[in-house]
> 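Sharing a structure below in structure tokens format, with a few things to ask.
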Amino acid sequence: MNKIKEVLQQLQNLYDCKDWWPVHKNTDRFLEVSVGAILTQNTNWSNVEKAINNLIRENLLDWEKLEKVKITKLKECIKPAGFYNQKSIYIKNFVKKVKNLPRENVDRKTLLSIKGIGEETADSILLYGLDRPYFVVDAYTKRLFYRTGITGSVNVPYKKLQNMVMETFPQDTETYKLLHALIVEHCKKYCRKKPVCEECSLKKICKQNLK
DNA sequence: AGCCAGGCCAAGC
DNA sequence: GCTTGGCATGGC
């Protein structure tokens with residue numbers, strides 16, 4: 001039997017996740033998701049929220065405004081999200097490249113050509129900002145897949161993990177949003193860096209338990 | 001008081 | 001191609 005199906009189906013039985021990338025009302029979803037995806041690189045979401053709220057308060061969550069705003073001002077706003085020197089440049093790079101592109105022309109390759117946007121950030125933007133069917137692989141995914149025995153190493157290349165999911169499940173945006181949400185939910189609660197295996201519902205099927 | 005969080009890039013093998 | 005170090009804040 002397929003381990004990846006077993007684990008993810010189990011998660012579906014456990015959690016009731018909704019459409020989950022948080023966005024504010026009356027904002028450009030594509031822009032807000034993109035900025036959020038950059039800001040959340042190796043960063044806790046609560047810090048990202050502070051940064052996004054600063055941007056909204058300063059009326060800067062807007063393509064034109066972001067392009068024109070002084071870098072020092074941008075840094076000030078996003079400071080709570082950490083790594084603000086590089087992230088401010090990443091946001092500028094993104095806005096400059098994408099602002100005048102028709103959205104149907106924004107594809108994975110385009111995003112990856114922007115300095116500051118790697119595979120996970122690109123796929124997050126595509127899935128949550130543009131409703132394109134790309135499964136997002138993150139640190140949680142790698143960790144969960146490794147510990148449960150879906151993969152044999154923590155260091156499986158991004159594309160390989162993504163393909164595993166995309167070949168196993170329907171190529172459908174709602175499916176990929178749900179699966180990612182389930183993984184995050186479970187890993188935040190149980191499959192943390194320091195795992196809480198005793199209370200974990202995957203205990204019976206997880207490789208960790210067989211040791 | 002450390003450790004951790006929804007990565008990415010550049011430099012060095 | 002793969003590994004390593006640097007980047008920064010706020011919450012627990």
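In what follows, chains carry the letters A, B, and so on, assigned in the order in which the sequence lines appear, proteins first and then strands, with residues in each chain numbered from 1.
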> Expressed as a whole number of Å, how far does the P atom of C/dG10 sit from that of B/dC8?
22 Å
> According to the interplanar angle, ranging from 0 to 90°, do the rings of A/F135 and A/H180 count as parallel (below 30°), tilted (30 to 60°) or perpendicular (above 60°)?
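Judged by the thresholds at 30° and 60°, the geometry between A/F135 and A/H180 is perpendicular.
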> Hey, mind stepping through A/I125 and A/F30 against side chain to side chain contact (heavy atoms under 4.5 Å, CB included) and telling me if it holds?
CA-CA 7 Å; A/I125 292 170; A/F30 173 40; 3.6 Å; yes
> Round to a whole Å and report the spacing from CD1 of A/I89 to C1' of B/dA10.
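These atoms are roughly 14 Å apart.
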> With heavy atoms under 4.0 Å as the rule, sort A/L39 into base, sugar-phosphate or nothing.
nothing
> Among A/Y176, A/Y158, A/Y128, which residue satisfies the side chain to side chain donor-acceptor pair (under 3.5 Å) criterion with A/D123?
A/Y158
> Based on Watson-Crick and G-U pairs with both distances under 3.5 Å, what dot-bracket line describes DNA chain C 5' to 3', crossing pairs as [ ] and inter-strand pairs as |?
|||||||.||||
> Under 3.5 Å, is there a donor on one side chain and an acceptor on the other for A/N155 and A/S153?
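There is no such pair (donor and acceptor under 3.5 Å, judged by atom type) between the side chains of A/N155 and A/S153.
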> Reckon A/I38 touches a base, only the sugar-phosphate, or nothing at all at heavy-atom distances under 4.0 Å?
nothing
> Could you tell me the separation between the OH atom of A/Y158 and the P atom of C/dC2, rounded to a whole number of Å?
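Rounded to the whole Å, the gap is 16 Å.
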> Does A/Y134 have any side-chain hydrogen bond (donor to acceptor under 3.5 Å, both in side chains) partners at least two apart in sequence or in another chain, and if so, which?
none
> For the pair made of NZ in A/K142 and C1' in B/dA5, what is the distance, rounded to whole Å?
15 Å
> Once you round it to whole Å, what is the distance between P of C/dC2 and NZ of A/K160?
11 Å
> Whole Å only: how far is the NZ atom of A/K193 from the C1' atom of B/dG2?
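Value for this atom pair: 13 Å.
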> Let me know the distance between CD of A/E119 and P of C/dC2, rounded to the nearest Å.
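Roughly 12 Å, once rounded to whole Å.
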> Assess whether atom NZ of A/K115 is packed by more than 12 heavy atoms of other residues, nucleotides or ligands within 6.0 Å.
no
> Measure the distance from NZ on A/K188 to C1' on B/dA5 and round it to the nearest whole Å.
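My rounded result for the distance is 9 Å.
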> With the threshold set at 4.0 Å, does a side-chain nitrogen-carboxylate oxygen contact exist between A/E198 and A/K203?
yes
> In plain terms, say whether A/E67 and A/K99 are close enough for a salt bridge, that is, a side-chain N and a carboxylate O under 4.0 Å apart.
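Result for this pair is yes, salt bridge flagged.
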> Kindly say if A/R143 contacts the phosphate of B/dC4, meaning a side-chain N or O under 4.0 Å from OP1 or OP2.
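So the side-chain polar atoms of A/R143 never come under 4.0 Å of the phosphate oxygens OP1 or OP2 of B/dC4.
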> Go along nucleotides 4-12 of chain C 5' to 3' and tag each nucleotide: B for a protein heavy atom under 4.0 Å from its base, S when only backbone or sugar atoms are that close, - otherwise.
---BBBSS-
> Just by distance, with hydrogens left out, do A/K142 and A/T151 show a side-chain donor and acceptor under 3.5 Å apart?
no
> To the nearest angstrom, how far is A/D138 atom CG from B/dC4 atom C1'?
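After rounding, the gap between these two atoms is 15 Å.
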> According to a strict under-4.0 Å criterion, is A/T40 in side-chain N/O contact with OP1 or OP2 of B/dA5?
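No.
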